[in-house]
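Okay, so here's the structure we're looking at.
What you see is a predicted model, and the numbers here were worked out from it, not measured in a lab.
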Amino acid sequence: MPTLPRIDSFAAELTAIRRDLHAHPEIGFEEHRTSGIVAAKLQDWGIEVHRGIGGTGVVGILKGNGESGRRIGLRADMDALPMQETTNLPWRSTIPNRFHGCGHDGHTTMLLGTARYLAETRNFDGTVVFIFQPAEEGLGGARAMLADGLFDRFPCDEVYGLHNAPDLGPGEVTIFPGPSMAGADFFDITIAGYGSHGAMPDRSRDPVVVAMTLGQALQTIVSRNVDPLKSAVLSITQIHAGSAYNVIPGEARLAGTVRAFSDEVRALVRERMRAIAAGIAAAFHVEINVDIRDIFTVLVNHEEHSRAVAEVARDVVGADNVSTTPRPKMGSEDFADMLKAVPGAYFWVGHEGSVPLHNPGFVLDDGILPVGASLFSRLIETRLPVSHAR
Ligand code: NI
């Protein structure tokens, strides 16, 4: 596959960077070592560096050849997961309960490889904004960078991001326009009843029975309220109540997540959750508090920019390896917030291996590094072409 020869020539160095980041994973907003390495490398390559954007975020600015005022952002996430790695690789995590189980070490390295190549060649006319984002894993790193004025301080006309995909073959790229990854809410529901002896339920207002009833009733939202031709998920992932065999507790808690591909469906699910909870509270004489928090925006790829990614990908990995068939994922990705502010696209790049993301045995294949760096680099050279008229 024709990755850029100049990037291939330093692929071994990219692998070394990636494995070092992998051995020293840091979770969201704690990426101090990682962002320090990123900043130092960018500086070494003559790229203007801004640190502390949205916490531990780093932004690099590189001007190309020519007078164009156009600016393109490329984004990588830097955070690891709070989980234990179970591989026995020589570069496995050295920190207990910290693991790059989503391959963000690879994303960071691919963007570094892109930065090095573009700084050395400058075969583009305009400005590249390298965005190294903290805390993608549900902690709001993209929103933190945006709130810190990311696109006010470093305006972009377009923005692109990528994710590794062990479910695609090596060198395969998936890119399609429209809603591509779901928006997500997290929710906590507290049921305040009245406790009693387990033998005397008539003295209680039993929150456990209410939790079971409510849990069942909430499942009707997707099956009975959401348009069957649209998609939604409501998963209750936690139930907590009680501490003894013979005590009816006074309180029960449910928690979970809602996923959907449109803001309308998300609003409908929230409204029905509150209405069902209020009705059940009235029916069973308990108090139910519903706290629903918007965590991830629906990720919507823009038409023109998705097409641009597909064209570049056909060049780099070959037309047979590029899929533009819409295959939306119920997972979420906080790059969605950047795409809401600036048009662009988000794509998946396959690699060797079959262990899924977020599995304790996940292995990122380093063969992906020159591929991702070549895709990003060619995207810049294609979207910010040097004028031949001069
Ligand atoms: Ni990820």
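Residues E251 and P249 are not in side-chain contact: their nearest non-hydrogen atoms beyond the backbone lie 4.5 Å or more apart. In this structure the side chain of I239 reaches within 4.5 angstrom of the side chain of I236, judged on heavy atoms. Within the 4.5 Å cutoff, the side chain of P166 has heavy atoms near those of the H351 side chain. For the pair L379/E158, no side-chain contact is recorded, criterion being any heavy-atom separation below 4.5 Å from C-beta on. At a threshold of 4.5 Å between non-hydrogen side-chain atoms, the residues Y346 and H163 count as touching. By the 4.5 Å heavy-atom criterion applied to side chains, D77 and F132 are not counted as neighbours. Within the 4.5 Å cutoff, the side chain of I95 has heavy atoms near those of the P25 side chain. The side-chain heavy atoms of R383 and V312, taken from C-beta on, include no pair separated by under 4.5 Å.
Nearest heavy-atom pair, I27 versus L81, reported as atom, atom and distance to 0.1 Å: CG2-C, 3.7 Å. Minimum heavy-atom separation, C156 to I72: SG-C, 4.3 Å. Heavy atoms only, all atoms of each residue included: S332 and A184 are closest at OG-CB, 3.4 Å. Across all their heavy atoms, N164 and W348 have their closest contact at O-CD1, 4.4 Å. Across all non-hydrogen atoms, the minimal contact from V316 to S374 is CG1-CB, 4.0 Å. Among all heavy-atom pairs drawn from R327 and S323, the shortest one is NH2-OG, 3.1 Å.
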What pairs of donor and acceptor atoms, side-chain ones from residues 355-372 against any protein atom, are under 3.5 angstrom apart with sequence neighbours left out?
| unit_1 | atom_1 | unit_2 | atom_2 | d |
| --- | --- | --- | --- | --- |
| H358 | NE2 | E137 | OE1 | 3.4 |
| H358 | NE2 | E137 | OE2 | 3.4 |
| N359 | OD1 | G361 | N | 2.7 |
| D365 | OD1 | G367 | N | 2.8 |
| D365 | OD2 | E352 | N | 3.1 |
| D366 | OD1 | R18 | NE | 2.7 |
| D366 | OD1 | R18 | NH2 | 3.2 |
| D366 | OD2 | R18 | NH2 | 3.2 |
| D366 | OD2 | R19 | NE | 2.9 |
| D366 | OD2 | R19 | NH2 | 3.0 |

Show which side-chain atoms of residues 206-222 pair as donor or acceptor with protein atoms under 3.5 Å away, not counting sequence neighbours.
| unit_1 | atom_1 | unit_2 | atom_2 | d |
| --- | --- | --- | --- | --- |
| D206 | OD1 | V208 | N | 2.8 |
| T213 | OG1 | V209 | O | 2.8 |
| T220 | OG1 | A217 | O | 2.6 |

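Within a 6.0 Å sphere centred on CG of D44, other residues, nucleotides and ligands contribute more than 12 heavy atoms. Within 6.0 Å of atom CD in E120, more than 12 heavy atoms from other residues, nucleotides or ligands are found, so the atom counts as buried in its surroundings. Within 6.0 Å of CD on Q43 lie more than 12 heavy atoms contributed by other residues, nucleotides or ligands. Other residues, nucleotides and ligands contribute only 12 or fewer heavy atoms inside 6.0 Å of the NZ atom of K41. Environment of CZ in R203: sparse, with no more than 12 heavy atoms of neighbouring residues, nucleotides or ligands closer than 6.0 Å. Within 6.0 Å of atom CZ in R293, more than 12 heavy atoms from other residues, nucleotides or ligands are found, so the atom counts as buried in its surroundings. Heavy-atom neighbours of Y194 OH from other residues, nucleotides or ligands within 6.0 Å: at or below the threshold of 12.
Atom CD1 of I7 sits about 8.0 Å away from atom CG of L14, to the nearest 0.5 Å. Atom NE2 of H305 sits about 11.0 Å away from atom CD1 of I175, to the nearest 0.5 Å. Rounding to the nearest 0.5 Å gives a distance of 7.5 Å between CD1 of I189 and CD1 of I288. In this structure, the separation between OG on S35 and CD on E26 is 7.0 Å, given to the nearest 0.5 Å. Atom CG of D105 and atom CG of L21 lie 6.5 Å apart (nearest 0.5 Å). Between the NE2 atom of H197 and the OG atom of S204 there is a distance of 12.0 Å, given to the nearest 0.5 Å.
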Show your working on side-chain contact (heavy atoms from CB on, under 4.5 Å) between E264 and K230 and close with a plain yes or no.
CA-CA 10 Å; E264 293 69 35; K230 294 182 177 159; 5.9 Å; no

Given R33 and D20, is the salt bridge (charged side-chain N to carboxylate O under 4.0 Å, His left out) satisfied, shown in steps?
CA-CA 11 Å; R33 180 183 185 276; D20 174 65; 2.9 Å; yes

For a side-chain contact (heavy atoms from CB on, under 4.5 Å) check, start with the C-alpha distance between V349 and F347, then their side-chain angles and the critical distance, and finish with the verdict.
CA-CA 7 Å; V349 183; F347 54 102; 3.9 Å; yes

Pair M273, V258 - check side-chain contact (heavy atoms from CB on, under 4.5 Å), show working.
CA-CA 10 Å; M273 286 178 74; V258 175; 3.9 Å; yes

Would R143 and D334 count as a salt bridge (charged side-chain N to carboxylate O under 4.0 Å, His left out) here? Give the steps.
CA-CA 8 Å; R143 289 180 188 181; D334 79 357; over 6 Å; no

Quick one, D337 with M145, criterion side-chain contact (heavy atoms from CB on, under 4.5 Å). Give me CA distance, side-chain angles, the key distance, then yes/no.
CA-CA 10 Å; D337 288 296; M145 287 192 94; over 6 Å; no

Apply salt bridge (charged side-chain N to carboxylate O under 4.0 Å, His left out) to residues E311 and R314 and explain how you reach the verdict.
CA-CA 5 Å; E311 273 165 33; R314 285 184 196 108; 5.4 Å; no

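Under the ring pair (Phe, Tyr, Trp, His ring centres under 6.0 Å) criterion, the residue pairs touching residues 40-81 are H50-F154, with sequence neighbours excluded. Residue pairs meeting the ring pair (Phe, Tyr, Trp, His ring centres under 6.0 Å) criterion with at least one member in residues 216-265: none, sequence neighbours excluded.
There is no side-chain donor-acceptor pair under 3.5 Å between R6 and S377. Judged purely by distance below 3.5 Å, without hydrogens or angles, the side chains of D188 and Q238 never pair a donor atom with an acceptor atom. There is no side-chain donor-acceptor pair under 3.5 Å between R122 and N65. Side chains of T56 and E31: a donor-acceptor N/O pair is present below 3.5 angstrom, by distance only. Between the side chains of N289 and T190, no donor-acceptor pair of N or O atoms lies under 3.5 Å.
Residues passing the ring-ring contact (aromatic ring centres under 6.0 Å, His included) test with F296: none are found, sequence neighbours excluded. For R98, the side-chain hydrogen bond (donor to acceptor under 3.5 Å, both in side chains) test picks out no residue, with sequence neighbours left out.
Taking the ring centre of Y160 as origin, the terminal cationic atom of R75 falls outside the region bounded by 6.0 Å and 45° from the ring axis.
Ring pair H100/H22 is tilted by interplanar angle, where 30° to 60° counts as tilted.
Remark: side-chain polar atoms of R92 are paired, donor with acceptor, to backbone N or O of L89 under 3.5 angstrom.
For the pair K329 and D167, the salt-bridge criterion is met [side-chain N within less than 4.0 Å of a carboxylate O]. Between D185 and R259 there is no salt bridge, since no side-chain N of the basic residue sits under 4.0 Å from a carboxylate O of the acidic one.
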